[in-house]
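Please read all numbers here as calculations on a predicted model, not as lab measurements.
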Amino acid sequence: MATDTLKSTPGARGGATGGLRRLLLDNGALTALIVLVIAMSALSGDFLTADNLLNVGVQAAVTAILAFGVTFVIVSAGIDLSVGSVAALSATVLAWSATEAGIPVVLAVVLAVATGIVCGLVNGFLVSYGKLPPFIATLAMLSVARGLSLVISQGSPIAFPDSVSHLGDTLGGWLPVPVLVMVVMGLLTAFVLGRTYIGRSMYAIGGNEEAARLSGLRVKRQKLAIYAFSGLFAAAAGIVLASRLASAQPQAAQGYELDAIAAVVIGGASLAGGTGKASGTLIGALILAVLRNGLNLLSVSAFWQQVVIGVVIALAVLFDTVRRKAGATAPAAGASGGGKGKQALTYVIAAVVAVAVVGATSLLHNGSSAADRPKIGLSLSTLNNPFFVQIRDGAEEEAKKLGVDLTVTDAQNDASQQANQLQNFTSGSLSAVVVNPVDSDAAGPSVRGANQAGIPVIAVDRGVNKADTSALVASDNVEGGALGAKALAEKLGGKGTIVILQGQAGTSASRERGAGFAEGLKDYPGIKVVAKQPADFDRTKGLDVMTNLLQAHPDIDGVFAENDEMALGAIKALGSKAGKSVQVVGFDGTPDGLKAVRAGTLYASVAQQPSELGRIAVRNALRAVEGEKVEKMVKVPVKVVTKENVAGFEG
């Protein structure tokens with residue numbers, strides 16, 4: 001059966017020009033990677049260091065492992081949107097089994113791998129025998145796997161077994177284990193695609209499924225195996241990711257399925273099926289990692305980073321279209337020995353050219369004097385929330401006042417992405433790091449890396465577990481929750497029914513505010529909580545969840561939302577009831593929240609003064625850099641802001 005679905009036309013474009021054109025078309029991803037490495041080396045003196053290049057490898061590892069599994073599916077003209085959720089579920093199963101259930105670690109690892117394979121088999125069954133389109137089948141699994149991960153973990157991170165956490169460590173103090181796992185999984189992928197019957201079947205099914213069936217292939221059974229492979233690789237990626245974070249995060253790997261698909265496509269595979277190879281997928285994952293790493297080092301806005309990566313993905317698909325129309329040789333398995341030798345020579349030449357040019361560009365940075373201005377990195381859990389935007393604004397204002405260069409990154413509530421950003425800060429020429437952790441446990445390993453590099457770290461709003469921070473600048477979320485309970489209960493006269501809108505499952509802010517509210521409510525036995533639902537700190541979700549809760553509980557007297565954004569969504573759902581028959585209390589003291597307090601629709605907000613948090617964090621970071629004494633705990637007072645005192649409050 002044919003595995004090379006696109007053939008070159010002999011002699012169509014002869015000569016050296018045609019050969020060069022063919023080389024570029026057939027190795028577009030490799031060319032792009034070389035250009036990126038050269039560009040980043042020229043633009044940033046921090047890029048071309050051994051530590052940073054190892055960081056790039058570590059940051060590419062999880063995406064690459066996921067992408068290797070997705071390669072099998074895309075080669076066979078399918079798609080798998082569930083790999084990120086399956087990775088999170090597998091890691092959660094391992095952590096829960098080894099800790100809560102007391103199962104031996106070896107069996108827990110087997111159970112986690114089996115979980116990934118079962119999820120893949122279910123996908124394959126729905127596609128092959130259920131006749132569901134791959135997009136729909138795997139989209140359903142995305143939701144199911146993520147939900148099961150939250151159910152098992154109860155929305156909270158679970159500490160990972162120490163014996164498995166070593167997968168996130170280094171060998172000999174310098175070689176990262178995730179990189180080794182990535183290489184092993186890549187070699188396994190190349191072997192399956194190029195040397196096995198099922199690998200050849202993938203190309204045949206992707207090239208022409210009906211022809212493959214008529215030629216005697218058991219297509220349905222093959223698809224079961226293909227999706228099972230994808231689930232297996234997702235489980236491996238989940239274990240590696242959780243090992244890096246020292247905890248299984250139920251919300252981990254969100255959106256990673258898109259990165260995995262992008263890596264496969266950038267690497268030269270076609271979404272139409274029939275083409276793709278392991279080396280191309282690895283190059284695609286490295287391109288994404290180099291982009292993110294380099295843009296961090298260049299202090300490019302987190303928002304613009306999203307734009308750049310999206311443009312790269314679009315260009316990759318466009319290039320694939322051009323390549324197919326030009327008749328470029330498709331990357332397929334089973335190529336002749338001469339072809340493989342030519343490909344190996346291409347990689348060797350590319351490596352020599354890259355080393356030569358990178359070495360030359362690195363001279364641009366030799367002898368350059370260090371900047372006089374201190375450099376501080378600020379990694380925020382998210383900028384999709386006014387509270388953290390105010391922290392950033394306060395930090396930037398103080399940095400400008402003190403003559404400090406401040407680099408701000410947005411982790412988008414992804415603990416693994418924040419780990420990457422902190423590693424980039426550590427390998428760069430930064431004087432100090434300020435971190436607002438997505439999760440206190442998950443930030444620990446990366447902060448320990450900064451400790452080893454002698455870089456002072458300041459935590460803001462949330463602490464970091466099992467690592468040394470020079471200071472924690474924070475208000476007390478537990479105390480704030482208790483104050484919110486007192487304010488709402490007293491407004492209701494100590495009697496009534498209320499609902500609680502919870503924040504994003506697994507975040508320390510949600511856990512602490514909820515715990516404080518529950519503790520504070522114990523003093524008011526006449527207040528009954530009739531429902532609790534997460535709305536992920538999001539205004540739109542707060543609106544939707546509150547609308548649904550009102551159908552079951554139309555006569556509630558009050559609402560406590562764990563941030564102002566959800567409270568504002570609840571107010572929208574309540575309509576004319578807000579501030580009259582139903583009292584709403586929020587948290588954070590954001591500008592929009594305070595505006596609602598002035599209007600009377602929001603009874604109160606437990607305000608944390610986020611701008612002050614940012615200012616104090618930068619101030620203390622500079623003190624730590626200059627060797628001055630820094631208090632380990634810096635408390636910024638919280639206060640309940642109502643209509644009576646809102647005029648005198650500034651966030």
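Between L94 and F160 there is a side-chain heavy-atom pair separated by less than 4.5 Å. By the 4.5 Å heavy-atom criterion applied to side chains, L297 and M40 are not counted as neighbours. With contacts defined as side-chain heavy-atom distances shorter than 4.5 Å, the pair N420/Q59 qualifies. For the pair V181 and I65, the minimum side-chain heavy-atom distance is below 4.5 Å. Residues L295 and W304 are not in side-chain contact: their nearest non-hydrogen atoms beyond the backbone lie 4.5 Å or more apart. Residues L383 and L380 are in side-chain contact: their nearest non-hydrogen atoms beyond the backbone lie under 4.5 Å apart. The shortest side-chain heavy-atom distance between V300 and V308 does not fall under the 4.5 Å cut-off. With contacts defined as side-chain heavy-atom distances shorter than 4.5 Å, the pair S230/V83 qualifies.
Using modelled atom types, one finds a donor on one side chain and an acceptor on the other under 3.5 Å when comparing D414 with S416. A donor-acceptor pair shorter than 3.5 Å cannot be found between the side chains of D46 and N52. When only modelled atom types and interatomic distance are considered, S82 and D80 share a side-chain donor-acceptor pair under 3.5 Å. No side-chain donor-acceptor contact under 3.5 Å links N123 and T138. Of the N and O atoms on the side chains of S440 and N465, not one donor lies less than 3.5 Å from an acceptor on the other residue. Under 3.5 Å, the side chains of S153 and T92 contain no donor-acceptor pair of N or O atoms. Residues Q421 and S379 bring a donor and an acceptor atom of their side chains to less than 3.5 Å of each other. Between the side chains of Q412 and N384, no donor-acceptor pair of N or O atoms lies under 3.5 Å.
Salt bridge status for R292 with D259: present, with a side-chain N to carboxylate O gap under 4.0 Å. Salt-bridge check for R373 with D405: passed, with a basic side-chain N closer than 4.0 Å to an acidic carboxylate O. The pair D468-K632 counts as a salt bridge, with a side-chain nitrogen and a carboxylate oxygen less than 4.0 angstrom apart.
Separation of atoms CG (D461) and CG (L613) is listed at 6.0 Å; rounding is to 0.5 Å.
For the pairing with F233, the side-chain contact (heavy atoms from CB on, under 4.5 Å) check across I117, V70, V86, T189 returns one residue only, T189. Partner of D439 under the side chain to side chain donor-acceptor pair (under 3.5 Å) criterion, out of Q251, R462, Q418, Q249: Q249 alone.
Closest heavy-atom contact between A419 and L245: CB-CD2, 4.0 Å. Residue A246 comes nearest to P445 through the heavy atom pair CB-CG, 4.0 Å, listed as atom of the first residue, atom of the second, then distance. Contact detail for R146 and P250: the closest heavy-atom pair is NH1-O, 2.9 Å. When every heavy atom of A235 is checked against every heavy atom of G116, the shortest pair comes out as CB-CA, 4.0 Å.
F229 and F72 have tilted rings, their planes meeting at an angle from 30° to 60° on a 0 to 90° scale.
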*Could you go through the side chain to side chain contact (heavy atoms under 4.5 Å, CB included) check for T71 and I74 one step at a time?*
CA-CA 5 Å; T71 302; I74 289 181; 6.0 Å; no
